[in-house]
Amino acid sequence: MHASMTNNTRKKIVAGNWKMNVLPSQVTEFVTELRNRISGTDVDVVICPPFVCLPAAVAAAQNSGLSTQDSGLIKVGAQNMHWEGTGAFTGEVSPNMLTDLKIEYVIIGHSERRQYFSETDETVNKKIHTALMYGLKPIVCVGETLEQREQGITYEMLRMQTRLALQGLEDEQVRSIILAYEPIWAIGTGKTATPEDANNAIAAIRGVVGEVYGQDVAQQIRIQYGGSVNAGNAKELFGMPDIDGGLVGGASLKADEFEKIVRY
Ligand code: 13P
């Protein structure tokens with residue numbers, strides 16, 4: 001029996017990465033609708049709007065009168081941040097700006113940031129250290145390109161990215177991180193990894209965490225799958241023993257579809 005099957009008490013977490021979509025003027029209505037749709041679910045639900053939408057998103061998520069932390073409803077995350085707390089970094093957003101807004105999560109190392117904005121394993125690692133120092137929960141993305149998959153080096157890539165991302169962290173810090181396996185060829189393409197493939201890759205990532213931080217941490221850390229998740233495939237994917245939920249792009253922009261994913 002797979003190790004995770006014997007000890008899977010991990011709470012599922014479904015996060016919507018809105019990327020560079022949705023306008024500030026649309027956020028309040030959208031988050032309010034989502035909040036109403038997902039109430040009563042036993043899943044952590046996080047939305048990650050663009051920076052300029054964050055204040056309105058937090059306000060709408062909190063409108064229940066409870067903090068997002070207590071309400072069990074929608075939690076809010078950013079899509080990126082700088083690795084310094086403050087300073088002369090024109091155009092950047094710092095972790096303490098996010099915590100000042102009561103943001104809880106931050107996506108770090110998304111493949112689009114690695115591909116288009118020179119994010120490296122080194123900056124990913126720095127950002128994770130800083131995010132944790134400021135009390136943010138990082139959602140750390142790893143994943144192979146199509147070329148790497150075809151060359152048969154998927155697991156080597158995943159092992160290396162995971163090790164470098166987590167370098168120098170304490171056990172306790174690693175427990176609060178969310179990892180997201182996002183094969184780059186599956187992002188925005190409509191092609192999804194098969195549930196077995198995604199589960200095996202995530203089990204391999206969990207294996208690396210186990211080698212470095214021990215089985216206890218490896219069994220606690222939550223690892224999502226991302227890449228063309230939709231209402232039709234969420235159930236099969238999230239039903240796999242090592243897959244602890246999803247990081248959803250396109251389908252998180254449609255309230256009815258995102259609700260179906262959350263209620264898989
Ligand atoms: P899609 O769900 O649109 O493929 O995007 C996945 C993703 O990149 C989430 O971060």
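First listed ligand is number 1; within each ligand, the first listed atom is number 1.
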Note to self: Through direct or indirect side-chain contacts below 4.5 angstrom among Ile, Leu, Val, Met, Phe, Trp and Tyr, which residues connect to Ile139?
What the structure shows: Ile13, Val46, Tyr105, Ile107, Ile178, Leu247
Give a table of atom pairs where an N or O of ligand 1 lies under 3.5 Å from a protein N or O.
unit_1	atom_1	unit_2	atom_2	d
ligand 1	2 (O)	Ser228	N	3.4
ligand 1	2 (O)	Gly249	N	2.8
ligand 1	3 (O)	Gly250	N	2.8
ligand 1	4 (O)	Gly188	N	2.6
ligand 1	4 (O)	Ser228	N	2.8
ligand 1	5 (O)	Lys19	NZ	3.3
ligand 1	8 (O)	Lys19	NZ	2.8
ligand 1	8 (O)	His110	NE2	2.8
ligand 1	8 (O)	Glu182	OE1	3.3
ligand 1	10 (O)	Asn17	ND2	3.0
ligand 1	10 (O)	His110	NE2	2.9
ligand 1	10 (O)	Glu182	OE1	3.3
ligand 1	10 (O)	Glu182	OE2	2.9

Check: Does Ile184 sit in a hydrophobic cluster with other residues, and if so which ones, taking ILVMFWY side chains as linked at heavy-atom separations under 4.5 Å, directly or through other members?
Finding: none
Notebook entry, point to check: Do you know which two heavy atoms are closest between Ile221 and Ile177, and how far apart they sit?
Noted result: CG1-O, 3.3 Å
Notebook entry, point to check: Can Tyr181 and Gln161 be counted as having a side-chain donor-acceptor contact under 3.5 angstrom?
Noted result: no
Next item on the list: Please name all residues satisfying ring pair (Phe, Tyr, Trp, His ring centres under 6.0 Å) with Tyr213, sequence neighbours left out, ordered by chain then number.
Entry: none
Notebook entry, point to check: Is the side chain of Asn233 donor-acceptor paired with the backbone N or O of Asn230 at a distance under 3.5 Å, no angle test?
Noted result: yes
